[in-house]
Amino acid sequence: MSSNTKKCRVRFTVPEGDNEVIKWLKSQDNASISLRMLIRDAINQIGYSDYFMASKPVKTENRASVLQKPAPKKEAPIKKEVSEEKEASGEDIKQSLGSFLDM
């Protein structure tokens, strides 16, 4: 960045007991860039909504409340409808597919 680029300085506080966040911050070569990348990822995931409200709090070993990403939605497994007595025949499959075969 050139020296003419305006910057917005932001400060935030991490509680002393939140060891995971402190360890992560200390492991970053450039915490400012890392935090900006995380913010961009959050924008891509949930837009400009409040991240805290979109996340659910979880407890860690040191009982500090931290945020966890919402779990991805799981799709219901596809049920196979095959008679226990016999496997589906070609005719059974044609009846099940109906109009798709007429295309």
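Nothing fancy with the numbering, it's 1 onward along the sequence.
For Ser32, there are no side chain to side chain donor-acceptor pair (under 3.5 Å) partners at least two apart in sequence or on another chain. Listed by chain and residue number, Phe12, Val14, Val21, Ala31, Leu35 satisfy the side-chain contact (heavy atoms from CB on, under 4.5 Å) test with Leu25 (two or more places apart in sequence, or in another chain). Considering only residues two or more places apart in sequence or on other chains, Asp50 meets the side-chain contact (heavy atoms from CB on, under 4.5 Å) condition with Phe52, Met53.
Nearest heavy atom pair, residue Ile22 against residue Pro15, reads CD1-O, 3.7 Å.
In this structure, CD1 on Ile43 lies 4.5 Å from OH on Tyr48, to the nearest 0.5 angstrom. Rounded to the nearest 0.5 Å, atoms CZ (Arg40) and CD (Gln45) are 14.5 Å apart.
Residues Trp24 and Leu38 meet the side-chain proximity criterion, which asks for heavy atoms closer than 4.5 Å.
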